[in-house]
Amino acid sequence: MGFKRIVAATIALALLVGGLTVFLVINQVDTLGRQRAWVQHTRSVIETTQQLLFSVQAAEDAERGFLITQDPSYLPIYQEAQARLSPTESQLQSLVSDNPQRISQVQALIGLVERRRAGVARMVQVGQTGDFAAARALVVAGKGAQAIDRIRAAANAVIGGENQLLASRTVGARATQDRTLFVGLAVALLALATLAVSLIVLAGINRRLTRAIGEVRQAESERAAIGALTSAIFNNVPDYLIVLNIEADDRFVVADVNPAFEKALRVTAAQVRGRAIGDLLPGPTGERLINHYRRVRAGGQPVTTRDEFAQLPNGPRVWESILAPVQNSEGAIDRLIGSVRDITDRVRGEERMREAQRMEAIGQLTGGVAHDFNNLLQVIRGNLELLQKSVVGDERASARLRNALYGAERAAQLTRQLLAFARRQPLAPKVVNLSRLVSDMADLLRRTLGEAIEVETVVAGGLWNTVADPAQVESAILNLALNARDAMPGGGRLTVEITNAALDEAYARNAQDVTPGQYVMIAVTDTGEGMPEAIRARVFEPFFTTKSDGKGTGLGLSMVYGFVKQSNGHIQIYSEVGQGTTLKIYLPRSRQAEYVTQLLLDTPLAATPGRTILVVEDEDAVREAALSMMDELGYRRLEASNAQSALDLVEAGEHIDLVFTDVVMPGELRIREFAQRLRELRPGIPVLFTSGYTDNAIIHQGRLDEGVHLISKPYAKADLARRIAALLADPAMEP
């Protein structure tokens, strides 16, 4: 009985244990299933939240890459990230729909995401219009990093809440397992199995979190690279960049400046950062800038201006600036970004170009006037000289004729000065060393200037040779000396200095029409009255003079100016009121050997009987005067009114010993072609050209062509006789 009861009890106990074991197994299986569902649900919520965060970050990164690099390949990445946002938000709302607390957190997160999504879309739309500067301004104003931080914080709140919920449910399951531990090893093993499963699940989640963290770090690295690129551009662009914060009370405060700005204004960023413009630039300059900033802020659009600032560390400069307003996320303009470019050299170059064009226009005008005037003077002078024989014995008429000839000579001198200024006088440049020329002129200058003026000449050793017309150099120095004498009515000292000089690139940039290189410099300095800037700026203009009527023509300095420019040189004047004047002439250096001038005996005026001169002149009055001179000189003469008529005479076989022709001729046959045909038909016949105006038929760059002989209008009968006699005696000689 007892055995059965034991057996029964044992069986009952066994059944009970077995039933309890089955119950515990079923209970543990059920508990494990619920726990697995909780874990899966939590994992889904966390993964979906992370996917939402990753999509927002990807859209942000693609937008910044597109705006900074202007590379449209970022747009597909941005659009794909934007497309994932809405489905992910819906999935996340569905997952937390059974938890009121989580619903509130998810709605807050989605609200932040949607606001950032709209802001990024607006920046991309602005960039797609091509206005990247405005888009980047929106990036700066949008405070994207702060928005992402808020989104990340909201996402962490959702993930943290899910983790806490999972933890609380796990604690409840473990409590149940603890209550059933005493029943048997099956319950403990089941609990261990459940724990192992949980650890495996958590390990998987941890791996996914590790990958997500790696992706976030990679995105941050890319953002850092973009920031480094932006910083490199800001620090290395040659324009001066400045960022101004607009603070309360309408104060414009320097937020940052780039190194180019620091170098230009000789300040450091630390010295100006955080300081108001009114404090940095007190007075009218600062007030003018502040008013400009206000106008830009009120207009809301970038404004380009050009300003000249005199009070700068490196002297007066001209700046061209672009000032752009920047809006913050609320649409208010709270910053200004300025880009300033130094255009001083360009502006000075434009001014020099305008001055050169003005002087060139004056030169063309004076050259044209001189051409016509010289022809008239030739008629007047030629006929006056032809009248001399008619008034022999009549002293009164002879005196009047001499006065008329003197007036014609003075008028001819004026036209020569005009042609010199216009750079159209025919030069005969030689390779010369100016040391001998200035030494020979010293006595002439002393006699000319008088005893009240002390003359000093200074010639540097090792003086270079130069290429110039010696006669014109002498004339230029004499003109400058006479001007200096007039500036020293009470006496003084005149110094003529000749030395070697070099004009570098920096000097050439700030001067007018100067080629850098080596020069021989002639400096003429007086201790006279000096002149103010207004007069100094006009001294080279023809007919400009400060002398009283009848005391000067105003052509002396303009003639010097034209000669120097025609000789490829440079001229500069320095003067201060009460301190005197220095005028410097720079003539190009020559490395050739010096030309030694050979003196020629005067050629007799007598003509050789039987010699025939062909006179070619298109103006009847001028031709008639020239023919009459030939008659008085005893030459047989032929005449032609144009080059074609002259060529017809040559081709007809007329005997001709010399051709005397004007340079500027009408008709289809030009004088150059006529001279060429003459050399082919009658080799060795000398040609003497005449002109009241240089023409590139025989003169190039102000210099006579090799072997060309020219007598300028108006010419005297005696000069014409010498030139013709010299050419008939030896056509190869150079008079």
Side-chain angles (χ1 to χ4, degrees), residues 355 359 362 410 413-414 417-418 420-421 434-435 437-460 468 471-499 501 503 507 510-512 514 519-565 567 569-587:
E355 178 64 17
M359 298 298 279
I362 295 174
R410 289 286 295 157
Q413 178 63 25
L414 288 177
Q417 291 175 328
L418 283 171
F421 169 76
L434 298 181
S435 58
L437 183 146
V438 172
S439 299
D440 293 341
M441 286 191 68
D443 290 338
L444 172 63
L445 292 176
R446 291 186 180 95
R447 291 194 303 270
T448 303
L449 301 182
E451 296 180 356
I453 296 177
E454 177 186 352
V455 176
E456 180 182 3
T457 59
V458 180
V459 179
Q472 293 297 331
V473 174
E474 290 180 350
S475 177
I477 294 176
L478 186 59
N479 266 298
L480 298 181
L482 293 175
N483 274 347
R485 180 195 62 186
D486 295 339
M488 299 183 289
R493 184 173 69 256
L494 177 76
T495 303
V496 180
E497 178 186 5
I498 300 185
T499 186
L503 302 181
Y507 181 90
N510 296 316
Q512 177 180 327
V514 179
Y519 291 83
V520 177
M521 183 194 73
I522 307 171
V524 179
T525 303
D526 65 61
T527 58
E529 301 168 346
M531 60 186 75
E533 172 62 27
I535 294 177
R536 192 164 64 246
R538 299 187 59 193
V539 292
F540 296 128
E541 294 183 8
F543 303 112
F544 175 78
T545 180
T546 58
K547 300 175 185 178
S548 58
D549 292 342
K551 297 295 184 180
T553 63
L555 287 171
L557 287 179
S558 63
M559 183 186 71
V560 175
Y561 175 87
F563 155 67
V564 173
K565 292 300 182 181
S567 301
H570 172 57
I571 187 169
Q572 187 63 273
I573 186 170
Y574 306 89
S575 184
E576 292 185 16
V577 176
Q579 301 299 317
T581 300
T582 296
L583 200 145
K584 295 182 178 181
I585 295 174
Y586 296 87
L587 297 174

ask   = In Å, rounded to the nearest 0.5 Å, how long is the span from CD1 of I571 to CG of L583?
value = 4.5 Å
message = Can you give me the closest heavy-atom contact between G530 and S575, atom names plus distance?
response = CA-OG, 3.3 Å
query = Does E497 reach the side chain of T525, with side-chain heavy atoms less than 4.5 Å apart?
reply = no
inquiry  = Let me confirm one number: the OG1-CD distance from T495 to E454, rounded to the nearest 0.5 Å.
reply    = 7.5 Å
ask   = Taking T499 for the side chain and A460 for the main chain, is one N or O donor matched with an acceptor at less than 3.5 Å?
value = no
message = Using 30° and 60° as the class boundaries, would you call the ring planes of Y507 and H570 parallel, tilted or perpendicular?
response = perpendicular
ask   = How long is the span from the CG atom in N483 to the CG atom in L478, to the nearest 0.5 Å?
value = 10.0 Å
inquiry  = With heavy-atom distances below 4.5 Å as the criterion, would you say the side chains of L587 and L434 are in contact?
reply    = yes
remark   = Here the gap from L445 atom CG to E456 atom CD, rounded to the nearest 0.5 Å, amounts to 13.0 Å
message = Treating T527 as the side-chain partner and R493 as the backbone partner, does any N or O pair qualify as donor plus acceptor under 3.5 Å?
response = yes
note = From the list V473, L480, V520, side chain to side chain contact (heavy atoms under 4.5 Å, CB included) with I585 holds only for L480
task = To the nearest 0.5 angstrom, please state how far the CD1 atom of I453 sits from the CZ atom of R446.
result = 12.5 Å
ask   = How about M488 and L449: do any of their side-chain heavy atoms sit closer than 4.5 Å?
value = no
